[in-house]
Structures are given as structure tokens and as C-alpha cells.
Amino acid sequence: MIKKVLIANRGEIALRVIRTCKELGIKSVAVFSQADADSLHVRFADEAVCIGPPDSARSYLNIPNIMTAAEITGVDAIHPGYGFLAENVYFAHICNDCGVKFIGPPGDVIRLMGDKSAARETARKAGVPIIPGTEERFSSNEELMDACESIGYPLIIKASAGGGGKGMRVVESPEFLFKAYQQAASEAQSAFGNDRVYIEKYLQQVRHVEFQILGDEHGNVIHLGERDCSIQRRHQKLIEEAPCPVLTPRLRQEMGRAAVKFARAVGYTNAGTIEFLLTPEGKFYFMEMNTRIQVEHPITEEITGVNLVKEQIRIASGLEMKHKKSFNTCFGHAIECRINAEDSVTFQPVPGLIRNCHFPGGLGVRVDTAIYPGYRVQPFYDSMLAKLIVHAEDRDEAIARMLRALGEFEIEGIPTTIDFHQRVFRDPVFTSGRYDVGFLVGWDHRQITSQTAHT
Ligand code: ADP
């Protein structure tokens with residue numbers, strides 16, 4: 001069993017991993033930038049090492065400094081969390097080459113899934129449905145135009161090395177094609193150092209439904225049910241729920257089976273997520289695989305009772321995972337919302353000092369956060385302050401609990417998205433469960449119209 005883990009991350013996920021290490025009797029080492037010296041992950045880890053200045057390129061992304069910290073503290077494993085180096089092939093290889101177990105899948109699997117065109121191709125070969133589209137590189141504009149004509153508009157152009165919604169462009173009709181193609185390629189080049197893009201049909205009224213996977217080094221692969229992550233802004237998740245409110249048991253089995261088949265086909269081990277788009281007719285298509293723990297993993301933990309970080313550490317230790325059968329049935333309903341330090345109208349990040357804060361509690365309420373009264377939100381990192389997770393017997397109770405918990409959540413000193421979430425959980429389209437990834441498009445307009453109608 002792994003005995004000492006360095007957590008190459010910060011914020012709530014670093015704390016999340018430290019907590020599990022403590023429960024497993026494993027020593028933990030935090031790394032931190034100069035801006036994070038007063039952070040909770042530094043306070044609660046057994047040891048902490050400063051790895052550089054605030055700028056993440058020189059600290060949380062600084063592989064030599066992190067490996068040096070691993071060396072001097074004598075850890076036998078590194079947990080990368082999410083973001084930063086979590087899906088960095090070189091980092092995974094360097095860890096393993098240095099005799100420090102990378103808590104995640106093998107580097108080669110990260111490489112394969114990091115190339116989204118290659119992942120699509122792998123899904124196709126494994127017999128998992130993919131969104132109609134093409135990964136071809138085009139030598140002329142005519143060829144590109146012809147290929148797009150046969151896929152049919154609207155289209156979405158995506159970066160092969162993409163993530164975080166960067167390098168994506170929706171194209172409504174042929175006259176916008178070349179410009180969008182160039183823009184997507186150059187955005188991809190500057191964000192990922194790779195200008196390759198691929199094209200998919202832009203599906204309408206779809207839901208983002210993803211399956212949590214666990215695989216161990218003994219050949220066991222299971223799914224732990226799905227999460228619906230359709231409440232998005234600019235293709236980025238804001239609210240997630242599990243199970244998906246419209247999935248039938250039969251479709252869950254079918255999609256879950258496809259997810260497990262895909263994970264097996266790539267030789268997947270550790271925790272991962274397979275993302276699908278689901279159409280109103282119940283057709284589903286593979287979108288991509290994330291080879292790390294996800295921000296939204298707690299809702300799966302709530303409905304399955306499985307501690308995913310514990311399973312990650314056990315699997316990385318070479319142990320068999322605890323559960324050998326997929327979770328086609330789960331307990332109750334869980335919802336997560338991401339509370340960000342943002343203006344709730346413009347969604348612009350607003351860093352600053354949290355003068356005071358109070359977290360909700362009570363039955364079925366979980367708050368994963370690293371903030372505290374007097375904490376200063378730094379401008380250098382992600383604007384997420386907390387994840388509020390509720391679990392209840394059914395969806396209606398989970399929504400009522402979420403609204404109750406949001407009402408108790410107080411953060412003073414900076415603007416947050418708490419009131420935005422309150423409005424979403426009162427929206428009849430959300431409460432009906434019949435929403436899709438376009439839910440927030442034109443939402444403010446809808447809100448204003450319905451408020452006017454009531455006055
Ligand atoms: P990223 O990895 O950059 O977050 P994804 O490929 O996961 O990008 O897509 C993010 C979101 O973009 C999806 O959840 C969905 O809302 C939208 N999206 C992506 N591809 C399509 C598509 N072909 N049709 C419709 N919406 C799409």
C-alpha cells in the first residue's frame with residue numbers, strides 16, 4: 001500500500017485528497033505557491049513544500065520543482081487532482097520513471113485520450129457510437145467545404161488537444177466556415193501548442209451525460225452510474241446532477257455498457273469519465289474521455305457510497321478495487337453546484353478578501369471548499385470557491401435541500417454566483433428536469449420576461 005502521497009494541486013481538491021489520506025493512515029505532502037502559504041491544504045497536510053511564485057507556470061505546473069519536493073519528502077506516490085498537471089503525459093511518465101506512482105491511468109492512455117481525434121477513432125473501432133464528423137486534415141478549402149457539406153450544418157469545430165471549451169467554434173452555415181476553422185486552429189495553437197482541429201455535427205437539444213469509470217490493474221472495470229452536466233455556460237459546467245433525470249434504466253445499462261467497453265478497449269486503470277451527448281430520441285454519442293478525477297465526482301460518491309479518491313489510491317497501490325459490479329442502480333439523488341467568485345450577471349472573476357463566511361449543513365449537505373473567513377481569493381487561479389453538494393431521497397427533495405442550503409450559504413466581501421444558482425433551482429424548466437445544454441442561452445431574457453409577466 002502507498003504510504004506517503006504528494007498532492008500536486010491546491011484548493012478544495014488538494015484538501016479532498018489530504019482528508020482521504022488521513023483516513024487511510026497515509027502521510028500527505030502539500031505543495032504550494034508563495035500566494036498559497038496560508039491555505040488550508042498547507043495547514044492540514046503532514047508536510048508542505050513551497051514550489052515557486054504565484055504564477056502557476058512557475059509553481060503548480062513546474063514539474064522540476066514538484067519532483068524535487070517529491071524527492072526531498074520521500075513520497076511514494078503523487079495525486080495530481082484535476083487541472084494543472086492531471087492530464088500531462090510527461091508528468092505521468094516522469095513520476096513513474098522516478099519510482100513515484102502517478103495516481104491515475106498509464107501515461108500512454110492519457111496521451112491517447114488527450115488527442116480527441118484519436119479518442120474518437122478508438123471509440124469507433126470499439127463499436128461505441130461517435131458524433132458524425134471528421135478528423136481528416138484538409139489540403140484544400142474545397143475538400144474542407146465538401147466534407148462539411150456532407151456532415152451537414154450546423155457544425156462544431158474543436159481542438160484535438162482541447163479542453164475547457166477552448167478552441168471550439170460553432171458554424172451555422174458555409175459562409176462562416178473558413179474563418180471559424182482558422183480561428184479555432186489558431187486558438188488551439190495558442191492554448192495547447194497544437195493547431196489540429198476536428199469537426200462534428202452540432203447536435204441540437206442534447207444533454208451532456210457522463211459515466212464514472214473505475215478500472216484496476218487486475219482487469220476489473222466498472223461504471224458507477226452517470227452524471228448529467230447539461231447546465232453549462234459557454235460549454236463549461238455549472239451544475240451537475242446524478243442520476244440524469246431523463247435516463248431510463250435500459251438506456252443507463254446500454255450507455256454504461258458502452259462506457260465500460262470503451263474503457264476496456266483502451267486498457268484504462270484508475271478513475272476516469274466517459275462523456276456522451278444524449279439526444280431527445282435517446283441516441284447517445286461518445287464525446288471524449290477525461291483521464292482524472294472530475295470536479296463533479298462528489299455526486300457520484302453520494303449516490304453510490306464509494307469514496308472515489310480512496311479507490312484511486314487503492315488501485316494505484318496495486319490492490320483490486322472494492323466493487324466488481326457496475327452500479328446500474330444507485331441511492332437517491334445528488335446535485336452539485338459550483339460557487340464561483342464571479343459577478344453573477346457578467347460571470348467575470350472577482351478576486352478579493354472574504355471578510356466572513358458561513359457554510360450550510362444538516363442532513364444530506366456537503367461543502368467541499370478551501371475558503372475560510374479572512375481568506376484572500378487570488379487572481380492567479382480558478383475562480384471556484386466551493387462546491388455545494390446535496391443528497392436526498394429523490395430529485396424534488398434534492399432541489400428543495402439545495403435551495404435551503406444556498407439560503408444558508410453566506411460569503412461576505414466578494415460577489416459570488418450563489419444568487420444565480422438560487423434562480424436556476426427555481427426555474428420551472430430546471431425543476432421539470434426537461435432541460436438541455438442550451439438551458440442558459442437566452443436564460444436572462446426568459447427570466448426578465450417571466451418576472452415582467454408576474455408584475
Ligand atoms: P471541453 O473538453 O473543451 O470542455 P467538450 O468536448 O467536453 O469540450 O464539450 C463541452 C460541451 O460543448 C458539451 O458538454 C456540449 O455542451 C458542447 N458540445 C460539444 N460538442 C458538441 C456537439 N457535437 N454538438 C452539440 N454540443 C456539443
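Small disclaimer: the values here were computed from a predicted structure and weren't measured. Sequential numbering from 1 along the given sequence is applied to the chain's residues. Heavy-atom basis, side chains included; hydrogens, waters and symmetry copies ignored. Atoms within a ligand are numbered from 1 in the order they appear, just like the ligands themselves.
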Tightest non-hydrogen contact, residues Tyr153 and Lys201, listed as O-NZ, 3.4 Å
| query | Minimum heavy-atom separation for Ala316 to Lys101, with atom names? | reply |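 In this case the closest contact between Ala316 and Lys101 is O-CE, 3.3 Å.
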For Gly165, take its heavy atoms, then give the atoms of ligand 1 lying under 4.0 Å from any of them.
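Once the distances to Gly165 are compared, the set is 1 (P), 3 (O), 4 (O).
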If we number the atoms of ligand 1 from 1 as shown, the ones under 4.0 Å from a heavy atom of Lys158 are 6 (O), 19 (C), 20 (N)
N/O to N/O below 3.5 Å, does that happen between [X] and ligand 1?
| X | result |
| --- | --- |
| Gly164 | yes |
| Glu288 | yes |
| Glu200 | yes |
| Gly162 | no |
| Leu277 | no |

Query raised in the report: Is it the case that Glu241 and His333 place a side-chain donor and acceptor less than 3.5 Å from each other?
Result: yes
Quiz question: by atom type and distance under 3.5 Å, do the side chains of Arg16 and Thr20 form a donor-acceptor pair? yes
- So, for Tyr268 and Phe262, is the gap between ring centers shorter than 6.0 Å? no
Top protein contact for atom 26 (N) of ligand 1, by heavy-atom distance: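 Nearest protein contact, heavy atoms only, for atom 26 (N) of ligand 1 is Tyr202 CE1, 3.4 Å.
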Heavy-atom proximity to atom 16 (O) of ligand 1, picking from His208, Gln232, Gln205, points to Gln232
Are Lys237 and ligand 1 in contact, using a heavy-atom cut-off of under 4.0 Å?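 Contact absent.
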Query raised in the report: Does Lys116 reach ligand 1, in the sense of a heavy atom lying below 4.0 Å from it?
Result: yes
| query | When you check the gap from the basic side-chain N to the acidic O, do Arg314 and Glu311 get nearer than 4.0 Å? | reply |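 Glu311 and Arg314: salt-bridged.
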With heavy atoms and a 4.0 Å threshold, my read on which part of Met287 contacts ligand 1 is side chain
Note to self: One residue to check: His235. Relative to ligand 1, which of side chain, backbone, both or neither has a non-hydrogen atom less than 4.0 Å away?
What the structure shows: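 His235 to ligand 1: contacts from backbone and side chain alike.
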Just say parallel, tilted or perpendicular for the rings of Tyr435 and Phe430, cut-offs at 30° and 60°.
parallel
Does Gln236 reach the main-chain N or O of Gly164 with its side chain, forming a donor-acceptor pair under 3.5 Å? yes
